[in-house]
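For this chain, numbers begin at 1 and follow the sequence in order.
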Amino acid sequence: MQTKEVVKKESMRSVSLSLGIVFFYIFISIFSIILIKRSGFLFKGDDLHFHIDRVENLVGVLKGHNLLSFISTYAYNRTGIAVDQFYPNLFMYPFAILRILIKSPVSAIYDGFILINLLTCFIAHLSYKSFSGSNFQAFIFTNFYFFATWRFTDMFARFDLGELLAIAFIPLAFLGFYEVMFRNTKKWPILALGMSLILYSHLLSALMIAFCFVLMVIVNLKKIPNIKLTILRFLNAMILFLVLSFGFIYSFLYTSRSATVKLPVARILQNEALNPFYGVFK
């Protein structure tokens, strides 16, 4: 009888703790945005106009009773550029839906940020808890990850929605990679899902994470318990990744091969750097 009471109390304590963590994540997700949202302005970030136009184009597409956007006919001065063929737009749809449902376009964007904050918290916490087995460690990790300077730089100073979304899914991809490499190779679908979500958020982030994983495999090659099985699971994850990401990959490759793509003017970044000796030896 006492054992049942103890189990019941432990269960209630666990539920209360989980609810407390959830409410805390909801609080920080809203509080970190609400004060700026009340200003009624979108502060100019590096990619502000680019991503706002992406959202506005999808708003026009959805209002026109269509689902897919192939060329931008409602934004970018209606020039019809194929932005959505080269920039994944799956996670732009929630912003477009909020933009339709909410009267204020500024509020719609900030509410979208709140949703990304919540997504980041939950994925970071669940991923690290699965990795460590500790709710406390997962809570600490999530707070460090959530309040990372670069995340808020992406949100406000750069206004890079794609990279901001990719950051939310990175812990999931790393969890899947760790499982395949060192612990439970049967969890390879986590790696495929994490990488596909990153790809649908930000192409460059997916390439950088993939490159990072390759380096980590090379460095830890001798530590892999079963190399043959691990390679097989990586191949399984790659196949599932290609299946899950087929919509974007096919569109990207087809457009790249079938159309003449005009790239921006290439600049030599070294020449763009500030010269600390400018005017000294002139």
If you count every heavy atom of other residues, nucleotides or ligands that lies below 6.0 Å from [X] atom [atom1], does the total exceed 12?
| X | atom1 | answer |
| --- | --- | --- |
| Arg183 | CZ | yes |
| Phe147 | CZ | yes |
| Tyr254 | OH | no |
| Phe43 | CZ | yes |
| Phe24 | CZ | yes |

State whether a side-chain donor-acceptor pair under 3.5 Å links Asn226 with Thr185.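 On atom types as modelled, these side chains do not qualify, holding no pair under 3.5 Å.
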Polar side chain donor-acceptor pair, Ser205 to Glu163, under 3.5 angstrom: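 Side chains of Ser205 and Glu163: no pair found under 3.5 Å.
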So do [Y] and [X] actually touch side chain to side chain, heavy atoms under 4.5 Å?
| X | Y | result |
| --- | --- | --- |
| Met92 | Asp84 | no |
| Val22 | Ile26 | yes |
| Leu193 | Leu172 | yes |
| Phe159 | Ile109 | yes |
| Val59 | Lys63 | yes |
| Phe234 | Val180 | yes |
| Tyr93 | Leu62 | yes |
| Phe141 | Ser132 | no |

Qualifying residue for side-chain contact (heavy atoms from CB on, under 4.5 Å) with Arg54, from Val83, Asp47, Leu161: Val83
My understanding is that only one of Asn220, Val214, Val219 makes a side-chain contact (heavy atoms from CB on, under 4.5 Å) with Met216; could you say which? Asn220
Whether [X] and [Y] hold their rings parallel, tilted or perpendicular, with breakpoints at 30° and 60°:
| X | Y | value |
| --- | --- | --- |
| Phe174 | Phe213 | perpendicular |
| Phe252 | Phe248 | tilted |
| Tyr76 | Phe50 | tilted |
| Phe152 | Phe156 | parallel |

Could you please spell out the steps behind the salt bridge (Lys or Arg N to Asp or Glu O under 4.0 Å) verdict for Glu179 and Lys186? CA-CA 8 Å; Glu179 293 286 1; Lys186 292 181 180 180; over 6 Å; no
Using a 3.5 Å distance criterion without hydrogens, assess whether the side chain of [X] forms a donor-acceptor pair with backbone atoms of [Y].
| X | Y | value |
| --- | --- | --- |
| Asn57 | Tyr74 | yes |
| Thr142 | His125 | yes |
| Ser127 | Ile123 | yes |
| Tyr87 | Ala82 | no |
| Ser72 | Ala75 | no |
| Asn143 | Phe139 | yes |

Specify the closest pair of heavy atoms between [X] and [Y], including all atoms of both residues, with the distance to one decimal.
| X | Y | value |
| --- | --- | --- |
| Met181 | Pro225 | O-CD, 3.4 Å |
| Ala96 | Leu58 | CB-CB, 3.7 Å |
| Ile71 | Gly80 | CB-O, 3.4 Å |
| Ser32 | Asn117 | OG-ND2, 3.2 Å |
| Ser196 | Ser245 | CB-OG, 3.3 Å |
| Ser29 | Leu118 | OG-N, 3.4 Å |

Within 45° of the ring axis of Phe146 and under 6.0 Å from its six-membered ring centre, is that where the NZ or CZ of Arg151 lies? yes
Can you tell me how far [atom2] of [Y] sits from [atom1] of [X], rounded to the nearest 0.5 angstrom?
| X | Y | atom1 | atom2 | result |
| --- | --- | --- | --- | --- |
| Leu115 | Asp111 | CG | CG | 7.0 Å |
| Tyr110 | Leu35 | OH | CG | 11.0 Å |
| Ser107 | Leu101 | OG | CG | 13.0 Å |
| Leu221 | Thr230 | CG | OG1 | 9.5 Å |
| Thr153 | Arg158 | OG1 | CZ | 8.5 Å |
| Trp188 | Ile239 | CH2 | CD1 | 8.0 Å |

Verify same cluster id: Leu215, Leu191 (apolar side-chain graph, 4.5 Å): no
Determine whether Leu126 and Phe23 fall in the same hydrophobic cluster, where Ile, Leu, Val, Met, Phe, Trp and Tyr are linked whenever their side-chain heavy atoms lie under 4.5 Å apart.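 They do not share one cluster, since no chain of ILVMFWY contacts under 4.5 Å joins Leu126 to Phe23.
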Can we call the ring centroids of Tyr178 and Phe131 under 6.0 Å apart? yes
